[in-house]
Every structure is written in C-alpha cells, then in structure tokens.
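Values below: every heavy atom of this structure, side chains too, minus hydrogens, waters and symmetry copies. Note on naming: letters A, B, ... go to the chains in the order of the sequence lines (proteins, then strands), and numbering restarts at 1 for each one.
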Protein chains: 2
Amino acid sequence: MKRKITLKQIARELDVSISTVSKALRNSAEISDDTKQKIQAFAKLYNYRPNNIALSLKNRRTNTIGIIIPEIVHHFFSEVIRGAELVANKRGYNVIIGLSNESFSKEVINMEMLANGSIDGFILSMSKETLQQQDYHHFNETMSQGMPVVMFDRVVSEIKCDKVIVDDFNGAKNAVEKLIENKCKSIALISTPDYVSVGKLRTQGYLEALNENNILAESKLILKIDDTVDYEVHLDALEAEIEQLFKANKKIDGVFAVNELYALTAMKVARKLGLNVPNDVQVIGFTDGVLSKHATPSLTTVSQHAQQMGEKAAQLLIDKLESEVNPADEEFHTVVIATDLVERESTK
Amino acid sequence: MKRKITLKQIARELDVSISTVSKALRNSAEISDDTKQKIQAFAKLYNYRPNNIALSLKNRRTNTIGIIIPEIVHHFFSEVIRGAELVANKRGYNVIIGLSNESFSKEVINMEMLANGSIDGFILSMSKETLQQQDYHHFNETMSQGMPVVMFDRVVSEIKCDKVIVDDFNGAKNAVEKLIENKCKSIALISTPDYVSVGKLRTQGYLEALNENNILAESKLILKIDDTVDYEVHLDALEAEIEQLFKANKKIDGVFAVNELYALTAMKVARKLGLNVPNDVQVIGFTDGVLSKHATPSLTTVSQHAQQMGEKAAQLLIDKLESEVNPADEEFHTVVIATDLVERESTK
DNA sequence: TTGTACGCGTTATCAC
DNA sequence: GTGATAACGCGTACAA
C-alpha cells in the first residue's frame with residue numbers, strides 16, 4: 001500500500017528542497033528545465049496530487065459548500081441538490097450535505113459542525129421547526145462571522161441574505177385561473193398551516209385568482225392540513241380529511257392542492273366517491289415530481305423548477321464567495337423562479 | 001463582522017501563550033484553575049470553536065466520508081444517503097456527496113477530487129457506464145492508497161472491498177413464488193440487460209422460482225429493456241415495448257418487474273388492454289418507493305430497505321476507519337440485506 | 001504552572 | 001536556479 005505522496009517525500013527522494021519541488025510542479029520559470037522535467041516525471045509516476053486540506057488551511061478557503069435541507073428523500077430537495085452540485089462541480093467546488101430532518105436542533109448542530117472551517121458558505125432551506133419557533137440566531141451568527149448564506153424555498157424576510165424562491169403566489173394564481181378558465185365553479189384548496197411560508201403564499205394566490213374573477217372565496221372550501229402529522233405514515237387520516245371536504249361540499253368541481261400528495265389523494269378520494277377526473281373534478285397540484293407524472297390520470301401541476309433553484313442558489317453563493325465586495329456594503333438579492341403549469345390529464 | 005476567533009488571538013488578548021490557551025480549553029490539569037477559568041470564559045464569550053481544517057491536517061483525518069452515487073433524484077439512492085448520513089452524524093462524521101450521473105469519467109473525477117485529503121473513505125455505487133466498461137482502476141487505486149471503500153448495490157466481484165448488497169436473487173425468487181402461489185400460470189419478467197448486476201440476479205431469481213415449481217421458463221415472456229434509453233423521457237417507448245409483450249402473450253396473468261417504473265407501466269398497459277389488476281394480471285415490482293405506495297392500485301413490491309443499506313455501509317466504513325487493523329491482513333465483508341415483500345393491491 | 005518547539009502539507013517571499 | 005523560512009490553526013512532547 002502506497003500512501004499518498006507529499007512534496008516533502010518527493011524532495012527527499014530527488015535530493016532537492018521542498019520549495020523547488022513545489023515550484024517545479026507549478027511550472028515556475030525560476031526552475032531550470034532539467035530539474036523541472038525530473039521532478040514532474042517523478043511526480044507523475046507517483047501520481048502526486050496536492051493535499052486539499054493543506055491547501056484549504058493555507059488559502060483559508062475549502063472550495064466546499066454546505067447544503068442543509070430538511071429531508072433528502074424528497075423529489076424537490078434532491079433536485080435542488082442536483083442543481084447545486086452541478087454548478088458547484090463545474091466551478092470547482094464540492095458539496096457537503098447536512099440533514100435537519102425538520103428539527104431545529106439538528107439544523108443548529110449541523111450548521112455549527114460545518115461552519116468551523118469545513119465549508120466556505122451555506123445553501124439552506126429551513127426546517128419546519130425553525131419556522132415555527134422563529135428562532136433564527138444560528139443563521140445570523142453564521143453570517144456575522146462572514147460566512148455567506150443563500151436560502152431557498154422556505155425563507156423569511158427577517159433574515160437578510162441572498163434568497164432563491166419560487167413564485168408561489170403566481171404559481172398558485174395561475175393554476176387556479178386555469179381551473180376557472182376550464183369552467184370550474186367551486187374550487188377547493190388543500191393547503192398547509194400558514195407558518196409554512198409557501199403554504200401561505202399559495203393560499204394567497206388562490207384567493208387572488210378567485211377575487212379577480214369575482215368568485216367568492218368560501219372558507220369551507222379551504223382545507224388546511226396539519227402537516228406536523230407524518231402523512232406518509234398516516235395516509236388514511238389524510239384521505240379521511242379530504243373525503244370529508246368532498247362530502248361537505250358536493251359541488252366541488254376543481255381542486256388546487258399545495259403539493260403532490262394532497263393532489264393525488266384528492267384524486268383518489270374523488271374516484272372513490274364515483275367522480276371522474278377530469279370530467280367531474282379537475283385537479284392541479286404543486287411540485288412537479290414523479291408522483292404527478294406517473295399517476296393515473298397523470299396530474300397537472302405547477303412546476304417549481306427545483307433543479308434550476310439549486311443551480312441559481314449555487315451561482316449566487318459562489319459569486320459572492322469569489323467577489324471582492326466589502327462585506328459592509330454588500331447587497332442581497334432575491335431571485336424569484338417563475339413556475340410553469342404542466343398540463344396533464346387531470347385537467348381538461 | 002467578527003471573524004472566527006483562533007487560539008492565537010485569544011492568547012494575544014489574554015497575554016498568554018497559545019499552548020496555554022489550547023490546554024486550558026481542553027481542561028488540562030497542567031493549567032491553574034485561575035487561568036483556565038479566565039481563558040474558558042473568554043473563549044465562550046467569543047464563541048471559540050477549533051478549526052476543523054487545522055484539526056484535519058494535524059490528525060490526518062477529516063471525519064468526513066464521501067458518497068458517490070449515480071443519481072440523487074432517485075428514491076433508492078436518496079434513502080441510502082439518509083441512512084448513511086444518520087449513522088455518520090451520530091458518529092461525528094460529515095457526508096460529502098459526489099454525483100457521477102451514470103458517467104464513468106465523472107465518477108473518476110469526483111473520486112479524485114475527494115481522494116486528495118478531503119475525506120477519510122468512500123461509500124459508493126458504480127455508474128452504469130463503469131459497469132459496462134468494466135474499468136475499475138480508480139477504485140483499486142484509491143484503495144491501494146489506503147483509503148477504505150464500501151460499495152453498495154451495484155458491485156462487482158473483481159473489486160475487493162466491503163460491500164452491502166440487496167439479496168436480489170431471493171427477493172426476486174420470493175416475489176415470483178408469491179405470484180405462483182397466487183395461481184399465476186404465465187409470469188412475465190420485465191428486466192434490464194445483464195451487465196447490470198442487479199438485473200441479472202433478479203432474472204436468476206425469477207428463473208429459479210419457476211424452475212423449482214416445475215414451470216417452464218419461456219424466453220418470449222422475458223423482456224429486457226435497454227436502459228441506456230432514458231425512459232423518464234421516452235415513456236411512450238417503454239409503454240410500447242411492454243404493450244407488445246402483452247399482445248404477443250395473451251395468457252400473461254402475472255408480471256414481475258425489476259423496478260417500480262416498469263411495474264407501474266405494466267399496470268398501465270394492462271389497464272389499457274382491458275385487463276384488471278389484480279384480477280386478470282397480478283404485478284410485483286422491485287424497489288419500494290413512492291410510486292408503488294401511491295399508485296392505483298398500489299403496487300406490491302420487494303422492499304430493499306435502502307436506508308438500512310446506507311446505515312450499514314456507513315457502519316462498515318467508520319468501523320474500518322476507526323479500527324487499528326494492519327491493512328495487510330485486512331478482511332472484507334459483504335453484508336447482504338434481506339428483502340421484504342410488501343403486499344399491496346396489485347396482488348391478491 | 002506556563003511556554004517553546006515541532007509537525008501536519010502547502011505556497012509565497014526572500015535570501016543565497 | 002535553488003533553498004530556507006514563515007504562515008495557515010492546532011495539539012502535544014518537552015523544557016523551563
């Protein structure tokens with residue numbers, strides 16, 4: 001087993017100094033062609049590669065970015081990672097992942113673990129618990145230490161940093177407008193509690209679309225699902241709630257749901273109640289994932305372009321890392337990613 | 001903006017030496033209680049944390065493990081990551097992600113990028129291209145430099161390292177046995193080309209189940225999908241192939257597919273041809289992901305316990321990293337994760 | 001009880 | 001053209 005070779009070892013082997021080796025390998029003009037050749041050949045033979053850690057220590061930059069997300073087994077987040085990794089790699093950075101698992105304390109611990117020199121900056125999306133507790137000290141501390149942060153999707157205005165968000169409001173509005181266009185008269189909304197910023201914005205979009213079309217919003221048509229329950233486990237409960245919504249409002253002919261699962265479940269319930277999708281009820285979901293695509297009937301959704309979000313976030317972060325702007329008069333940008341309505345079989 | 005504080009700065013502030021500070025912070029008995037208190041208080045005030053990079057350089061270990069996977073937007077792989085991250089974090093390690101995107105060269109580049117000191121060991125699953133080209137030099141080189149590697153799922157016997165694999169053979173066998181038990185007489189297999197090891201093993205399991213039950217395997221019932229085509233994009237083509245299979249074999253009353261998508265598409269085709277699932281045709285897939293769970297009818301699948309695989313892989317790797325075994329007489333383990341048949345609506 | 005010196009691997013600066 | 005030295009931040013063996 002041959003351990004990784006270092007400059008020092010090469011120097012000793014060839015009986016020259018470490019600095020000569022270093023210079024020779026960087027093709028410095030200071031070194032004679034003879035020695036350069038000799039050293040370079042030897043280095044190649046032993047497959048010399050500079051040690052990243054030593055470089056990081058010296059340069060005070062790791063060329064690594066940290067991504068903290070609530071959950072990785074999730075189409076949206078994994079797409080974001082893919083996008084971020086793509087851009088990061090292209091620009092010579094590695095990506096290190098931390099999972100908060102929707103927990104505040106794990107988010108804090110993860111960030112502290114990475115902030116101590118392991119990375120140059122963060123891309124992150126807040127955990128639900130953090131959103132609920134509204135405790136943002138760890139973000140602000142990190143930034144006050146000069147570590148740039150780019151937040152995506154789940155953001156709050158209290159934190160001053162670069163942000164990449166989905167145009168939740170207009171995405172929802174367009175979706176509901178589509179339903180109205182398609183002659184839906186009684187459109188239900190299946191959403192999350194308001195502390196989830198995206199749930200709130202999508203609800204507003206829904207209301208605005210109704211409003212602009214002079215349709216009276218009815219609170220009984222709005223179902224807010226308590227998402228602290230893990231509905232991946234308690235699917236039945238979710239189904240029951242939605243079934244009640246349908247039964248209490250027989251006229252429902254359109255449903256806008258703030259995520260795939262709710263939309264899919266709505267379709268399932270509709271079918272169970274003998275309603276045809278899209279003939280009797282049209283359904284639109286948010287988040288364009290595998291479920292929507294492969295459902296039967298396939299689901300019309302608001303696509304968030306998650307990968308693009310990840311790309312943009314990585315760009316913003318790396319741009320900041322490589323810019324020479326005085327942190328004092330630094331500017332923060334919020335990039336809004338437009339949504340697309342992907343029409344499939346669940347609408348006419 | 002307060003930059004991260006270092007030992008040196010604390011030493012200067014308090015007019016003591018760096019080593020005194022270092023010792024005081026590690027609560028060394030060498031230092032007087034007075035100085036310790038003073039230093040610890042100061043450090044706490046300025047929120048001192050040792051620099052990971054410096055520690056890594058000094059200790060020659062980064063407490064970071066690298067995970068290289070072909071694709072992250074994939075339920076199976078993201079579950080593996082979740083499991084690995086869970087164990088890694090619990091044991092004080094970070095996780096750095098590299099995506100090969102099924103490309104040989106990206107796999108090589110990613111590994112080289114990380115192998116130069118950034119991480120202590122690898123967890124990885126080979127790209128399809130690597131499997132096809134059968135070029136494993138980068139794995140062997142990495143290991144010969146003393147960097148431990150744990151491979152999962154897509155493995156080859158030529159590489160000597162720890163491995164975590166699914167019991168593909170028995171998983172498939174059990175699934176097909178289930179179909180036989182359920183009175184299926186003509187069971188089709190939808191698989192991948194044989195160079196994908198898991199496809200091969202699952203095919204063997206299928207054949208063995210038939211064989212043990214004295215059912216003659218018919219090659220016309222075996223469909224091998226060319227998976228170099230991206231069927232997420234060319235769904236129609238996949239559908240067409242499967243439709244042909246059904247049309248050419250009207251007696252098919254059972255389908256075993258080596259992944260979710262194939263199984264789902266088989267159900268779709270069956271429905272299109274007026275067949276009822278599970279009454280006319282029973283379907284079982286491999287890989288227990290969201291699609292199976294939320295399909296209608298929901299899909300009976302062979303669960304691979306992906307998260308458990310990730311956990312096990314991380315355990316193996318970290319155990320090796322922390323063991324003092326002489327690399328010369330090192331032993332390699334292959335952990336086989338048993339599968340479970342998750343019965344849902346697509347079988348009786 | 002405290003401080004000095006060294007080394008981890010690298011590069012930049014300066015001296016020879 | 002080559003080499004010695006310092007520095008990045010830390011921990012520790014050893015000296016005072």
S.K.: Going by side chain to side chain donor-acceptor pair (under 3.5 Å), name the residues that satisfy it together with B/Glu129, two or more places apart in sequence or in a different chain.
M.R.: none
S.K.: Check salt bridge (Lys or Arg N to Asp or Glu O under 4.0 Å) between A/Glu158 and all other residues, then give those that pass, not counting sequence neighbours.
M.R.: none
S.K.: Applying salt bridge (Lys or Arg N to Asp or Glu O under 4.0 Å), name anything that partners B/Glu107, two or more places apart in sequence or on another chain.
M.R.: none
S.K.: Apply ring pair (Phe, Tyr, Trp, His ring centres under 6.0 Å) to B/His305 and list each qualifying residue two or more places apart in sequence or on a separate chain.
M.R.: none
S.K.: Do A/Glu112 and B/Lys4 meet the salt-bridge criterion of a basic N to acidic O distance under 4.0 Å?
M.R.: no
S.K.: Could I get the full list of ring pair (Phe, Tyr, Trp, His ring centres under 6.0 Å) partners for A/Phe77, not counting sequence neighbours?
M.R.: A/His74
S.K.: Could you tell me whether A/Arg154 and A/Glu102 have a side-chain N and a carboxylate O separated by less than 4.0 Å?
M.R.: yes
S.K.: Side chains of A/Asp319 and A/Gln315: is there a donor and an acceptor less than 3.5 Å apart?
M.R.: no
S.K.: Need two values: the first and the last nucleotide of DNA chain C, 5' to 3', having an atom under 4.0 Å from any heavy-atom of chain B.
M.R.: C/dT1 to C/dG9
S.K.: So, using salt bridge (Lys or Arg N to Asp or Glu O under 4.0 Å) as the criterion, who are the partners of B/Asp153 when residues are at least two apart?
M.R.: none
S.K.: May I ask you to say whether B/Asp162 pairs ionically with B/Lys312, meaning some side-chain N is under 4.0 Å from a carboxylate O?
M.R.: no
S.K.: What bend angle does the helix from C/dT1-D/dA16 to C/dC16-D/dG1 show across its length, from five-pair end axes and to the nearest 10 degrees?
M.R.: 70°
S.K.: Do any of residues 41-58 of chain B sit with a heavy atom less than 4.0 Å from DNA chain C, and if so which?
M.R.: B/Leu57, B/Lys58
S.K.: Only counting residues at least two apart or in another chain, list the ones meeting side chain to side chain contact (heavy atoms under 4.5 Å, CB included) with A/Val155.
M.R.: A/Met151, A/Lys163, A/Ile165
S.K.: Identify, with sequence neighbours excluded, every residue that meets side chain to side chain donor-acceptor pair (under 3.5 Å) alongside A/Thr20.
M.R.: A/Ser17
S.K.: Using atom names, set out every protein N or O paired with an N or O of nucleotides 13-16 of chain D below 3.5 Å, distance rounded to 0.1 Å.
M.R.:
residue, atom, partner, partner atom, Å
D/dA13, N6, B/Lys23, NZ, 3.4

S.K.: Can you establish whether the number of heavy atoms outside B/Gln37 located under 6.0 Å from its atom CD is more than 12?
M.R.: no
S.K.: For B/Asn59 and B/Thr20, take the nucleotide of DNA chain C holding the closest heavy atom to each; which residue's nucleotide lies nearer the 5' end?
M.R.: B/Thr20
S.K.: Of B/Ser22 and A/Val16, whose nearest nucleotide on DNA chain D comes first from the 5' end?
M.R.: A/Val16
